[in-house]
Amino acid sequence: MTYRIGLTGGIGSGKSTVAALFAELGAAVIDTDLISHRLTAADGLAIPAIRAAFGDAFVNAEGALDRARMRELIFSAPPARLQLEGILHPMIRAEAKTEVEASATPYTVLVVPLLFEAQGYRDWLHRTVAVDCPESLQIARTMQRSHLDESAVRAIMAQQLGRQQRLKQADDIVSNDGDQAALPSQVRRLHEAYLLLAAGSD
């Protein structure tokens, strides 16, 4: 069975960039954000439960989750976030585990933004890696990418584990502080280490 690596990081840290570098080196990469989008797309598996919990107003005309409306609700009523996570997280986790267990590569990278906050991943993963950068960079990148204002980005960050806590819990760290040229060598070192660990776990 494939060796299982959990990849995480705060919003705007560069998780997708690092995951793509692992993929270029031959690792299978499974992104739980993509699984979440499939579950909440038109007629996705999570839509009936979302409709039952929140009402028709949170499902758009196409039959998908109304993301903008849900985001507003989550920020104005924190219990709604826990309710949504209670629906989505078990479904995401089950789908992710199915995909990882079907992987034929020596190791598989599972991208989980809330890896240390969510239940059910840590005991199942062999190792974790956090993508790290200064909070000022997280904010700037997210504002540019998502066209959110600073207060909205900070509100999202406040719902995530703090930077120092994340670094303390991770087995490995990739620094993405703006020096893009340094990223590939960091990922390659980890790739070689994970290949050795995977070979030793057979």
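Among all heavy-atom pairs drawn from Gly26 and Thr105, the shortest one is O-CG2, 3.5 Å. Residue Ala64 comes nearest to Ala42 through the heavy atom pair CB-N, 3.4 Å, listed as atom of the first residue, atom of the second, then distance. Residues Arg166 and Ala130 share a closest heavy-atom pair of CG-CB, 4.1 Å. Residues Gly14 and Asn176 approach most closely at CA-ND2, 3.5 Å, considering heavy atoms. Shown here for Pro106 and Ala198, the closest heavy-atom pair between the two residues is O-CB, 3.4 Å. Phe75 and Ala155 make their closest contact through CE2-CB, 4.0 Å (heavy atoms, listed as atom of the first residue, atom of the second, distance).
In this structure, the side chains of Thr128 and Thr8 stay at 4.5 Å or more apart for every pair of heavy atoms. With a 4.5 Å cut-off on side-chain heavy atoms, Val129 and Ile173 do not count as touching. Between Val187 and Leu25 there is a side-chain heavy-atom pair separated by less than 4.5 Å. Using a 4.5 Å cut-off on side-chain heavy atoms (C-beta onward), Thr17 and Leu183 make contact. No side-chain heavy atom of Ile30 sits less than 4.5 Å from a side-chain heavy atom of Val109. With contacts defined as side-chain heavy-atom distances shorter than 4.5 Å, the pair Leu114/Glu85 qualifies. Inter-residue side-chain proximity for Phe22 and Ile5 is flagged as unmet; no heavy-atom pair is nearer than 4.5 Å. Side-chain contact check for Leu167 versus Asp132: some heavy-atom pair is nearer than 4.5 Å.
Note that OG of Ser13 is 8.0 Å distant from CD of Gln160, once rounded to the nearest 0.5 Å. Separation of atoms OG (Ser36) and CG (Leu84) is listed at 7.5 Å; rounding is to 0.5 Å. How far CD1 of Ile35 is from CZ of Arg93: 11.5 Å, rounded to the nearest 0.5 Å. One distance of note links CG of Asp31 with NE2 of His37; it measures 8.5 Å at 0.5 Å rounding. Of the inter-residue distances, the one linking Leu148 atom CG with Thr142 atom OG1 reads 7.5 Å to the nearest 0.5 angstrom. Here the straight-line distance linking atom CG of Leu45 with atom CG of Leu88 works out to 11.0 Å at 0.5 Å rounding.
Under the 4.5 Å side-chain heavy-atom criterion for ILVMFWY residues, a single connected hydrophobic cluster contains both Ile87 and Phe58. No single ILVMFWY cluster, assembled from side-chain heavy atoms under 4.5 Å apart, contains both Ile156 and Leu161. Residues Ile11 and Val131 do not share a hydrophobic cluster, defined by chaining ILVMFWY side chains whose heavy atoms lie under 4.5 Å apart. The hydrophobic cluster containing Leu7 does not contain Tyr121, counting ILVMFWY residues as joined when their side-chain heavy atoms lie under 4.5 angstrom apart, directly or transitively. There is a path of hydrophobic side-chain contacts, each under 4.5 Å, that joins Leu21 to Val29.
A side-chain donor-acceptor contact under 3.5 Å links Thr2 to the backbone of Thr108. Side chain of Lys15 to main chain of Pro113: no donor-acceptor pair is present (N/O by atom type, distance under 3.5 Å, no hydrogens or angles). Side-chain N or O atoms of Glu150 include none that pairs as donor or acceptor with a backbone N or O of Ile139 at under 3.5 Å. Without hydrogens or angle criteria, Ser76 side chain to Leu73 main chain gives a donor-acceptor distance under 3.5 Å. Of the possible polar contacts, none joining the Arg4 side chain to the Leu110 backbone as a donor-acceptor pair under 3.5 Å is found.
A salt bridge links Arg38 to Glu99: at least one charged side-chain nitrogen sits closer than 4.0 Å to a carboxylate oxygen. Ionic pairing of Asp56 and Arg51 is present here: one or more N-O contacts between side-chain nitrogen and carboxylate oxygen are shorter than 4.0 angstrom. Residues Lys97 and Glu101 are not paired through a salt bridge, judged by the lack of any N-O separation under 4.0 Å between the basic side chain and the carboxylate.
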Next item on the list: Show your working on side chain to side chain contact (heavy atoms under 4.5 Å, CB included) between Arg67 and Thr40 and close with a plain yes or no.
Entry: CA-CA 9 Å; Arg67 295 182 180 282; Thr40 56; 2.6 Å; yes
Next item on the list: Could you please spell out the steps behind the side chain to side chain contact (heavy atoms under 4.5 Å, CB included) verdict for Gln138 and Val153?
Entry: CA-CA 9 Å; Gln138 284 184 255; Val153 178; 5.9 Å; no
Next item on the list: Go through Arg127 and Tyr107 one step at a time and tell me if the side chain to side chain contact (heavy atoms under 4.5 Å, CB included) criterion holds.
Entry: CA-CA 10 Å; Arg127 201 161 180 88; Tyr107 74 92; over 6 Å; no
Next item on the list: Quick one: do Val112 and Glu117 satisfy side chain to side chain contact (heavy atoms under 4.5 Å, CB included)? Show the steps, please.
Entry: CA-CA 10 Å; Val112 188; Glu117 296 92 330; over 6 Å; no
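Ring to ring, His126 and Tyr194 are not that close: their centroids are 6.0 angstrom or more apart.
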